[in-house]
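Please read the structure below before turning to the comments.
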Amino acid sequence: MKKRYLLPLVLFALSSCSKDFLNQKDPNAIQIQDYFKSENDVLLAVNGLYQTLRSGSTIGEGSTLYNEERSDNTGRNDNQSNAGEPFQFNDFSLLPSNTYLKTHWAAMFAGISRCNVILTHIDEVSFSSEGLKQRYMAETKFVRALLLFHMVRKFGDIPMSTVQVTSKEQANELAFRQKESVIYQQIIRDLTDALSSDLPNTQMEYAVGRTSKAAVNAILGQVYLTLGATQASGSAENFAKAEQYLSASYGMRTFGQLKEIPYAQVFDVGMKMQCKELVFQIQYLQGDQNYSSSIARNYQAKGEFINSQNKATGVGEVVKLDLIKDYEEGDLRKDFSVKFAKDPQVNDWFVTKFRDNSVKASSAGWGGNDWILIRYADVMLLLAETKYHLGKEAEAIALLDQVRERAGLPSYAASMLNNDYRTKYPTLKLAILHERRVELAFENQRWFDLIRNYNPQELVTYFKTKNQADYGNAKISNITTKDRYYPIPFDEYKLDPQRMYQNPGY
């Protein structure tokens, strides 16, 4: 039988066991068409969506390769391990045949397929209340929109289905790239529908780690900001909507000024269930071999124990010197987020932002760090960026100043009197982009920030003004305008080179 790859197979295999495929049923397996019988069945399926988000192949803590390591914040200096494939992301030498890229693509579409299965079958179940049904649908649509938003920003035009796929023929029909504008329309539709449900304003009112209206508003606002900043038309309307939804999210906070929440508290494992800055997080279970977080252990460099009791043998998560130099003098976030490892094998900066060296995590490094996808400093800086685009500079600066005050830094007005600051960040736009870089470092926001604020040629110019010595072994000179997007995995492209056309330059 001829082998078929990725999207058609993933969508089909995860959503159907039709007679066309096997001509029989496994008596020990539950068929999808027989699964959804009760409210609890739907709940368990929705819980499975959050489990999907935990994976490093989707958007969990281990997904830094597909985000942060693509940017100027972190990246590997080792171009030999695993055939050098991880190195390709930061080296701007990414090939369509890269197996990590293929895995990411397949895992993301598998998550989207799970959402489609739930939405296809939820009407078959009788619920005790319509509100509960709508809430589960809202959570499912939020997850689908979130995954699509990640994918469309990375790949541009992508295939998309919003229904369960029940045959190979249907899967093959769906194996074509739809325009970015169509994908964004679906993302907006899903998020808008989610807001019409009875989801509570905050995750604290529901369950930590589950969707809330604050989270939905935050992502919807970011979607409109992205459209306003990157699309050729409709920018004013998109920026206005971005302000509307980001303001709504910010208005749902349960604190006053950001300075009320110490920066270290945001990442404190002991505070993760009650920190008021957290809007949406992926949960991990401390001390559990299967469901614990490994980020503290994995990010720690040899000879260090600041992150974890686990004895590191490698270099940890390497930080670009370019980022280290971007921290201002006196920035409290620097000493919390990064540290220089003196071990001869390392002799470099590594990430210390995610820590769990507790007894319960033990020397095995089974940490309890949740992976934070949305927090209020992020929302505030996105809102500041939006207000800048709308010409509301005073309001943008007020939000920026809150973030800087917590970090122990002077106000924007005072900083602009400093020649070094003014030279590096001559515009408010650049000041906000800088603040997002140091505030949200290692949280998988940087690459998206760069491609939102710079068009492809500007992105090339931005990287090529950097000092290669501050960037590591990856070569800045490799970047071209093609690197704005990832390549479509080769196995996808070869299914139908016309309908699954490759991104330019690959």
Side-chain angles (χ1 to χ4, degrees), residues 65-75 87-98 100-101 104-105 108 148-159 177-184 187 222-236 238-239 242 320 322-323 326 382 385-386 388-389 425-427 429-430 432-434 436-437 444-468 470-472 474-490 492-493 500-506:
L65 177 64
Y66 311 111
N67 298 278
E68 204 76 0
E69 291 189 42
R70 181 65 165 178
S71 76
D72 50 355
N73 279 358
T74 70
F87 183 76
Q88 292 177 11
F89 284 84
N90 197 232
D91 187 54
F92 300 112
S93 57
L94 189 57
L95 298 175
S97 59
N98 187 290
Y100 290 83
L101 184 76
H104 183 50
W105 174 283
M108 293 292 278
L148 285 171
F149 189 35
H150 275 253
M151 290 295 280
V152 74
R153 287 179 292 174
K154 292 172 184 171
F155 294 94
D157 303 348
I158 55 173
R177 296 178 68 185
Q178 299 197 43
K179 295 298 182 183
E180 283 187 57
S181 58
V182 176
I183 307 301
Y184 274 110
I187 293 169
Q222 190 175 11
V223 167
Y224 277 118
L225 173 58
T226 301
L227 289 172
T230 61
Q231 302 300 306
S233 61
S235 59
N238 285 322
F239 286 137
K320 300 289 188 185
D322 184 78
L323 169 58
D326 216 19
L382 288 172
E385 185 178 325
T386 301
Y388 161 79
H389 284 293
Y425 322 111
T427 66
K429 175 183 176 178
L430 292 177
I432 294 170
L433 186 58
H434 155 70
R436 284 187 61 80
R437 185 184 193 187
N444 286 355
Q445 299 289 346
R446 180 62 174 172
W447 179 247
F448 292 141
D449 287 348
L450 290 175
I451 61 176
R452 186 177 64 250
N453 281 277
Y454 296 123
N455 65 37
Q457 186 55 59
E458 291 170 341
L459 188 69
V460 171
T461 301
Y462 169 77
F463 272 94
K464 289 195 172 181
T465 59
K466 294 183 178 295
N467 184 345
Q468 178 64 56
D470 295 340
Y471 195 72
K475 293 182 176 60
I476 297 172
S477 59
N478 286 341
I479 191 170
T480 68
T481 54
K482 75 171 175 39
D483 294 299
R484 159 60 183 86
Y485 292 109
Y486 287 168
I488 301 301
F490 178 71
E492 286 294 318
Y493 161 75
M500 287 297 297
Y501 48 89
Q502 186 56 270
N503 282 328
Y506 293 103

Counterpart residues, ring-ring contact (aromatic ring centres under 6.0 Å, His included), relative to Tyr425 (two or more places apart):
Tyr421, His434
Strictly by modelled atom types, are Asn503 and Arg177 linked by a side-chain donor-acceptor pair under 3.5 Å?
yes
Could you tell me if Lys466 and Tyr462 have a donor-acceptor pair between their side chains, going purely by distance under 3.5 Å?
yes
Identified ring pair (Phe, Tyr, Trp, His ring centres under 6.0 Å) counterpart of Phe155 within the set Trp105, Tyr506, Tyr501, Tyr485
Trp105
Is any side-chain heavy atom of Arg70 less than 4.5 Å from a side-chain heavy atom of Lys154?
no
Decide yes or no for Leu433 and Tyr454: does some side-chain heavy atom of the first lie under 4.5 Å from some side-chain heavy atom of the second?
yes
Is there side-chain contact between Glu180 and Thr230, with heavy atoms separated by less than 4.5 Å?
no
Contact check, side chains of Phe448 and Thr226, non-hydrogen atoms, under 4.5 Å:
no
Under 4.0 Å between a side-chain nitrogen and a carboxylate oxygen: does that hold for Asp157 and Lys179?
yes
Main-chain N/O of Ile476 paired with Gln468 side-chain donor or acceptor, under 3.5 Å
yes
Side chains of Ser93 and Gln88 in contact at under 4.5 Å (non-hydrogen atoms)
yes
How about Phe92 and Phe463: are their ring centroids closer than 6.0 Å?
yes
Can you find a heavy atom in the side chain of Thr386 that is under 4.5 Å from one in the side chain of Gln222?
no
Which pair of heavy atoms, one from Gly228 and one from Ser235, lies closest together, and at what distance?
O-CB, 3.4 Å
Considering only heavy atoms from C-beta outward, does the side chain of Asp483 approach that of Leu459 to under 4.5 Å?
no
Is the Lys NZ or Arg CZ of Arg153 less than 6.0 Å from the centre of Phe149's six-membered ring, within 45° of the axis?
yes
Using 4.0 Å as the upper bound for N to carboxylate O, is an ion pair formed by Arg437 and Asp322?
yes
Charged N-O contact under 4.0 Å between Arg452 and Asp449:
yes
As a test of understanding, state which of Asp72, Asn90, Thr74 forms a side-chain hydrogen bond (donor to acceptor under 3.5 Å, both in side chains) with Lys320.
Asn90
Side-chain H-bond candidate by donor/acceptor type, Asn444 with Tyr66, under 3.5 Å:
no
